[in-house]
> 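Structure in structure tokens, see below.
Along the sequence shown, residues are numbered consecutively beginning with 1. In this text, all values refer to a predicted model and were calculated from it rather than measured experimentally.
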Amino acid sequence: MNIVVLCGGNSTEREVSINSGTNVCEALRSKGHNAVLLDVFFGTYHENLFDEAKTDYDVIKERDAIRELSAKLKEEEAKRKSFFGENVIKLCSEADNVFMALHGKNGEDGKCQAAFDLFGIKYTGSGALASAMGMDKAITKQIFMSKQVPTAKSVWMKKGEDTSLKKHEMKIPVVVKVCNGGSSVGVVLVKEDSEYEAALEECFSLDEQVLVEDYIDGREFSVGVIDGKALPIVEIIPNEGWYDYENKYKDGATTHVCPAELNKELTDRMQRMAEEAYEAIGCESHARVDIMMDKAGNMYCLEVNTLPGMTSTSLIPDEARAIGIDYPTLCENIVMLSLKK
């Protein structure tokens, strides 16, 4: 198949997206597909990229060229009206499928998905509505509560509103998160009263709305869900601190235990919770659900990632390997699932 692996963009997670896309493109090419790596924001001057890629195509060289463009991002944003780069829509329309390796705003939030729906372009992952709801942590919380999916207590705050914790009957420690973000960008753990205002300032600099959530002292887990069925659970154990951006993407900074060391009752309950969260948001194809479990065994669903990372340190590939699915096969399975939509 001719497959565009769409990456890059103009979010704070641009580099993570490029890494995901590179891995996916190499994997799909190893399975015999004519896959090409394409930056959604900068595009390419190659109008016949699929024909050119059939003979001599170097994914790493293309990745490096896309990375070099990152230095021009702000300049290009200032002079451009359209989000889609040169030949992006043309090539995606010609492809049999578009593998969405995008993360963050304008890629994971349903905007690209909505445009592709109108153009009749097939793509991996959830549709526009589920993507938009999953990206917004405050909306996700509302859906969880309406569908009885257990979740940590939180309050949705907008810039300029009263942000005092006392008013909302909350107290330190809390986690302050931007409503629209990912990869732990704009997520601050607040352990002391003196840290709260600085955390708000940091998060409001990235988004007009934040979520302030009770800190759950316990173990952190993630559960991939493919086609509505939960994969083996992975426990995330940072070697130092907590699961922030650095620990998420730095090799060796975090230990992933998969399958997680849980008894059958806890495993079944957590996998069922992940499937319920996936269904509540209306996900399709694949997603990843993040869950905390406190010391008493109570579980709290934090969020649903509708376009999970596919880097060398990402979680869904770990979970798939635990049931004998290697990385290239996982990528191909995701493509095949999306063709059924």
Side-chain angles (χ1 to χ4, degrees), residues 2-22 24-25 35-50 62-137 139 178-183 185-186 205-209 284-285 305-311 338 341:
N2 286 339
I3 302 172
V4 166
V5 180
L6 206 58
C7 72
N10 62 345
S11 81
T12 55
E13 298 169 75
R14 175 178 169 83
E15 180 61 22
V16 178
S17 171
I18 294 169
N19 291 339
S20 285
T22 302
V24 170
C25 193
V36 296
L37 192 64
L38 183 64
D39 187 327
V40 66
F41 187 72
F42 286 97
T44 178
Y45 64 87
H46 295 280
E47 293 189 13
N48 300 309
L49 188 57
F50 287 121
E62 190 61 38
R63 178 204 66 188
D64 292 345
I66 290 172
R67 276 182 174 162
E68 287 180 11
L69 292 169
S70 298
K72 301 178 180 179
L73 186 61
K74 295 299 180 185
E75 175 189 344
E76 193 68 16
E77 281 183 312
K79 66 183 183 183
R80 283 249 305 270
K81 291 184 178 180
S82 172
F83 170 70
F84 292 109
E86 186 178 6
N87 290 319
V88 168
I89 295 300
K90 176 183 183 295
L91 289 168
C92 289
S93 297
E94 292 172 354
D96 298 301
N97 193 259
V98 176
F99 196 110
M100 301 289 273
L102 297 170
H103 302 307
K105 72 172 184 178
N106 297 324
E108 198 172 353
D109 56 8
K111 292 179 181 178
C112 272
Q113 289 82 353
F116 286 175
D117 287 341
L118 294 176
F119 280 109
I121 295 170
K122 286 188 174 292
Y123 55 89
T124 61
S126 296
L129 183 58
S131 298
M133 293 191 298
M135 184 68 180
D136 191 309
K137 294 180 178 65
I139 297 297
V178 298
C179 281
N180 291 280
S183 292
V185 176
S205 71
L206 298 170
D207 196 354
E208 294 290 314
Q209 304 178 73
E284 298 172 89
S285 176
N305 298 273
T306 56
L307 284 181
M310 297 291 284
T311 71
S338 69
K341 292 196 298 179

> Taking the side chain as every heavy atom from C-beta outward, state whether Cys92 and Phe116 have any pair of such atoms under 4.5 Å apart.
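In short, these two side chains touch, coming nearer than 4.5 Å.
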> Between atom CG of Asp207 and atom CG of Asp136, what is the distance when rounded to the nearest 0.5 Å?
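Here the rounded value is 8.0 Å.
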> So which heavy atom on Cys112 is nearest to which on Leu102, and how close?
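Heavy-atom minimum between the residues: SG-CD1, 4.1 Å.
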> Side chains of Leu307 and Gln113, heavy atoms from C-beta outward: is any pair under 4.5 Å?
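Sidechains of Gln113 and Leu307: in contact.
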> Which distance, rounded to the nearest 0.5 Å, do you find between the CG of Leu49 and the CG of Leu38?
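Between Leu49 CG and Leu38 CG, I get 7.0 Å after rounding to 0.5 Å.
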> For the side chain of Ser17 and the backbone of Cys7, is there at least one donor-acceptor N/O pair under 3.5 Å apart?
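Side chain of Ser17 to backbone of Cys7: no pair is present.
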> Report yes if the side chains of Thr124 and Met100 come closer than 4.5 Å at any heavy-atom pair, otherwise no.
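Result yes, sub-4.5 Å side-chain heavy-atom pair found.
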> Determine, stepwise, if the pair Met135 / Thr306 fulfils side-chain contact (heavy atoms from CB on, under 4.5 Å).
CA-CA 8 Å; Met135 184 68 180; Thr306 56; 5.9 Å; no
> Counting distance only, does the side-chain N/O of Asp96 pair as donor-acceptor with the main-chain N or O of Ile3 below 3.5 Å?
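Absent.
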> Is Arg80 paired with Glu77 through a side-chain N to carboxylate O contact shorter than 4.0 Å?
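Judged by the 4.0 Å cut-off on N to carboxylate O distance, Glu77 and Arg80 do not form a salt bridge.
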> Would a 4.5 Å heavy-atom cut-off, applied to side chains only, mark Ser338 and Phe99 as touching?
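Not in contact.
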> Going by heavy atoms in the side chains, are Ile18 and Arg63 under 4.5 Å from each other?
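Ile18 vs Arg63: side chains touch.
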> Roughly how far apart are Leu73 CG and Ser11 OG, rounded to 0.5 Å?
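So the gap between those two atoms works out to 9.0 Å.
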> Determine the interplanar angle of the Phe83 and Phe41 rings, folded into 0 to 90°, and report it as parallel if under 30°, tilted if 30 to 60°, perpendicular if over 60°.
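Tilted.
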> Indicate the atoms forming the closest heavy-atom contact of Cys25 with Ala35, along with that distance.
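Minimum heavy-atom separation between Cys25 and Ala35: SG-O, 3.6 Å.
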> Just jot down the side chain to side chain donor-acceptor pair (under 3.5 Å) partners of Asn19, sequence neighbours excluded, or say none.
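With neighbours one apart ignored, the set is Arg67.
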> To the nearest 0.5 angstrom, please state how far the CE atom of Met133 sits from the CD1 atom of Ile139.
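Here the rounded value is 9.0 Å.
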> Which heavy atom in Asp117 sits nearest to a heavy atom in Ala128, and how many Å separate them?
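It is OD2-CB, 4.2 Å.
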> Drop me the distance from Gln209's CD to Lys137's NZ, to the nearest 0.5 angstrom.
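Going from CD on Gln209 over to NZ on Lys137, the span is 12.0 Å.
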> Considering only heavy atoms from C-beta outward, does the side chain of Leu69 approach that of Arg14 to under 4.5 Å?
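Yes, side chains in contact.
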> Apply the test salt bridge (Lys or Arg N to Asp or Glu O under 4.0 Å) to residues Lys79 and Glu76: give CA-CA distance (whole Å), side-chain angles for both, the deciding distance (0.1 Å), then the verdict.
CA-CA 5 Å; Lys79 66 183 183 183; Glu76 193 68 16; 3.6 Å; yes
> What are the two closest heavy atoms between Ala130 and Ser126, and how far apart are they?
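In this case the closest contact between Ala130 and Ser126 is CB-CB, 3.9 Å.
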> Which pair of non-hydrogen atoms, one from Tyr123 and one from Gly127, has the smallest distance, and what is that distance?
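So the minimum-distance heavy-atom pair works out to OH-CA, 3.5 Å.
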> I'd like to know if the side chain of Thr311 reaches the main chain of Ser20, judged simply by a donor and an acceptor atom lying under 3.5 Å from each other, with no hydrogens or angles considered.
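Here the side-chain-to-backbone pair does not exist.
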> First locate atom CG of Asp39, then atom CG of Asn10, and finally report the distance between them rounded to the nearest 0.5 Å.
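Those atoms lie 9.5 Å apart.
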> With a 4.5 Å heavy-atom cut-off, do Thr44 and Leu91 have their side chains touching?
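With C-beta onward as the side chain, the pair touches.
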